[in-house]
Enquirer: 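Quick one: structure below, then a few questions.
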Protein chains: 2
Amino acid sequence: MAAEGYTSGMDAMDLDRLPLRERKKLRTRQALVDTALELFTERGFEGVTLDALCDAVEVSKRTFFRTFTSKEDVAMAPTQDLWEAFLEELEVCEPAPGQTLFDVLRDALLAALGRMPAEGWAHRVVLSRRLAGRTPSMDAHGLAFCDRTSRAALAVVRRRFALPGGDELRARLAIDVLVAAFHRAVEAWVEGPAPTRGRLAAGLGLACGAVPESLTLAVR
Amino acid sequence: MAAEGYTSGMDAMDLDRLPLRERKKLRTRQALVDTALELFTERGFEGVTLDALCDAVEVSKRTFFRTFTSKEDVAMAPTQDLWEAFLEELEVCEPAPGQTLFDVLRDALLAALGRMPAEGWAHRVVLSRRLAGRTPSMDAHGLAFCDRTSRAALAVVRRRFALPGGDELRARLAIDVLVAAFHRAVEAWVEGPAPTRGRLAAGLGLACGAVPESLTLAVR
DNA sequence: AAGGCTTCTGCCACTCAGTGGCACTATTGC
DNA sequence: GCAATAGTGCCACTGAGTGGCAGAAGCCTT
């Protein structure tokens with residue numbers, strides 16, 4: 001079943017209606033992600049060459065690079081799916097007027113989280129994050145992706161919620177803070193017991209709630 | 001330890017006292033950074049091979065990799081010097097009791113900024129950042145470095161300012177927020193006219209001040 | 001249902017970043 | 001000066017990522 005967790009805005013129904021060619025492509029994509037996470041976890045990111053991965057999935061290296069932009073990319077796919085869903089949620093959400101932008105952003109992220117497949121996704125993210133923890137190049141890749149997503153999010157916010165000029169900076173900071181809170185939540189989540197979507201959502205809420213106090217926290 | 005803009009906690013006095021070997025090393029390092037920024041700016045990051053850079057500086061590739069960890073690294077050196085100085089400042093600063101952690105962090109960063117060489121440093125950072133803006137791999141490298149520095153900063157904060165257990169998250173968030181504010185400040189700074197240390201400091205103050213409002217900013 | 005048309009895939013050769021090893025030269029402390 | 005101890009240059013090698021082209025597989029007519 002291809003799409004789950006790989007193409008964010010799509011459920012199994014849509015999937016079956018896809019032309020055969022697309023379904024195949026999705027299947028290879030999923031196979032690459034799953035096998036990559038498995039092999040990397042087993043032997044380490046550096047310990048697995050692309051040739052080895054491609055052999056295991058029975059795909060040529062050329063095809064790999066038509067599906068993913070880099071070796072890091074394949075291992076970060078699960079998280080990236082979430083951020084893409086976040087952008088889509090941000091695009092369609094209808095916040096109550098007067099609501100705080102920060103809350104709107106947080107809710108969009110929570111909604112995106114709710115759209116991730118209940119089965120398997122969380123596990124893939126955990127493997128991916130643990131790997132990133134001990135693989136600098138993976139971590140860097142993930143951070144860069146977040147940064148690009150933040151820019152995209154700012155563009156959506158600017159277009160949909162018509163910011164007064166001086167608030168551009170504040171909006172961008174709100175996004176940065178959300179991203180930071182999310183990272184902290186994930187960090188705690190992958191260490192903790194039984195990582196599920198629900199626990200991650202709870203952690204995100206907690207981290208977001210801690211932000212105001214983080215600014216007024218006194219030393220000594 | 002080093003020379004202007006290359007090793008944070010040292011001025012020209014100290015430099016002359018260094019053994020010859022060290023001074024040579026520093027000189028190569030500086031030559032590599034300057035030439036790299038020049039060539040990259042001229043022909044683009046991808047447009048310059050390491051062999052070309054090493055030829056220009058008359059250094060072997062082997063030596064390059066003894067000085068820098070990667071091609072990206074050499075181009076990000078100026079910013080990294082600042083963050084290293086920040087860690088040192090954080091280590092030695094003596095905040096007034098009751099002061100806000102966030103303010104302590106911001107002041108440490110401002111102090112580090114003040115320690116950067118008045119001549120040349122700002123210009124190097126501007127070149128470096130502009131390059132990073134159109135070179136994903138450089139940007140990723142920079143973000144990863146910030147992340148590592150944030151972790152290190154948290155360790156210092158934990159040790160020096162003995163946090164109660166539950167405030168670990170809040171402290172880390174405070175650091176993340178500072179980093180975000182700094183990034184926004186730099187972003188605006190490299191676009192603006194006549195980038196000097198002073199203007200960057202002003203921009204950082206502005207961005208830090210905008211954080212509380214960014215959390216309460218309402219949509220529509 | 002068979003033809004051509006399009007799109008994707010496999011393969012091969014290539015560039016370039018980054019590493020390991022060894023011989024060589026230069027600095028330093030005696 | 002003279003060992004000991006760096007740091008350096010050179011060379012060969014691995015592995016990521018790319019370009020090009022020939023062939024296969026899905027697709028779209030009639």
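Keep in mind that the numbers below use all heavy atoms, side chains included, and drop hydrogens, waters and symmetry copies. It should be emphasised that the depicted structure is a prediction, and the values quoted were computed from it without experimental measurement.
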Enquirer: Starting at atom CD of E58(A), determine the distance to atom C1' of dA24(D), rounded to an integer number of angstrom.
Expert: 17 Å
Enquirer: Please state how far atom CG in L50(B) lies from atom P in dT15(C), giving the value in whole angstrom units.
Expert: 16 Å
Enquirer: Establish, with yes or no, whether the OP1 or OP2 oxygen of dG7(D) is under 4.0 angstrom from a side-chain nitrogen or oxygen of K25(B).
Expert: yes
Enquirer: Parallel, tilted or perpendicular, judged at 30° and 60°: which one describes the rings of F86(B) and W83(B)?
Expert: perpendicular
Enquirer: Using a cut-off of 4.0 Å between protein heavy atoms and nucleotide atoms, how would you tag nucleotides 19-24 of chain C 5' to 3' with B, S and -?
Expert: BBB---
Enquirer: Going by salt bridge (charged side-chain N to carboxylate O under 4.0 Å, His left out), name the pairs with one or both residues in residues 130-157 of chain A, residues two or more places apart or in two chains.
Expert: R129(A)-D139(A), D147(A)-R151(A), D147(A)-R172(A), R151(A)-E187(B)
Enquirer: Specify the separation, in whole Å, of atom CZ of R27(A) and atom P of dA25(D).
Expert: 15 Å
Enquirer: Consider salt bridge (charged side-chain N to carboxylate O under 4.0 Å, His left out). Of R160(A), R106(A), R115(A), which one does E89(A) pass it with?
Expert: R115(A)
Enquirer: Round to a whole Å and report the spacing from CZ of R23(B) to P of dA26(C).
Expert: 17 Å
Enquirer: Where the side chain of V59(B) is concerned, which of dG17(D), dG9(D), dA17(C) is the nearest nucleotide?
Expert: dG9(D)
Enquirer: May I have all residue pairs that pass ring-ring contact (aromatic ring centres under 6.0 Å, His included) and include part of residues 27-48 of chain A, sequence neighbours excluded?
Expert: F40(A)-F45(A)
Enquirer: Within residues 134-145 of chain A, which residues have any heavy atom lying less than 4.0 Å from an atom of DNA chain D?
Expert: none
Enquirer: For D55(B) and dA17(C), give me the distance from atom CG to atom P, rounded to whole Å.
Expert: 12 Å
Enquirer: Just to verify, what does S70(A) make a side chain to side chain donor-acceptor pair (under 3.5 Å) with, not counting sequence neighbours?
Expert: E72(A)
Enquirer: Heavy atoms from C-beta onward define the side chain here; which of dG17(D), dG18(C), dG9(D) lies closest to that of T63(B)?
Expert: dG9(D)
Enquirer: Quick one: side chain to side chain donor-acceptor pair (under 3.5 Å) partners of E191(A), sequence neighbours excluded?
Expert: none
Enquirer: Please report the distance, rounded to the nearest Å, between NZ in K71(A) and P in dT18(D).
Expert: 15 Å
Enquirer: Under the side chain to side chain donor-acceptor pair (under 3.5 Å) rule, collect the residues that match up with S150(A), sequence neighbours excluded.
Expert: none
Enquirer: Tell me which pairs pass salt bridge (charged side-chain N to carboxylate O under 4.0 Å, His left out) where either residue lies in residues 40-60 of chain A, with sequence neighbours left out.
Expert: none
Enquirer: Applying side chain to side chain donor-acceptor pair (under 3.5 Å), can you list everything that pairs with S60(A), at least two apart in sequence or on another chain?
Expert: T63(A)
Enquirer: If I take atom CG in residue D51(B) and atom P in nucleotide dC10(D), what distance separates them, rounded to the nearest angstrom?
Expert: 12 Å
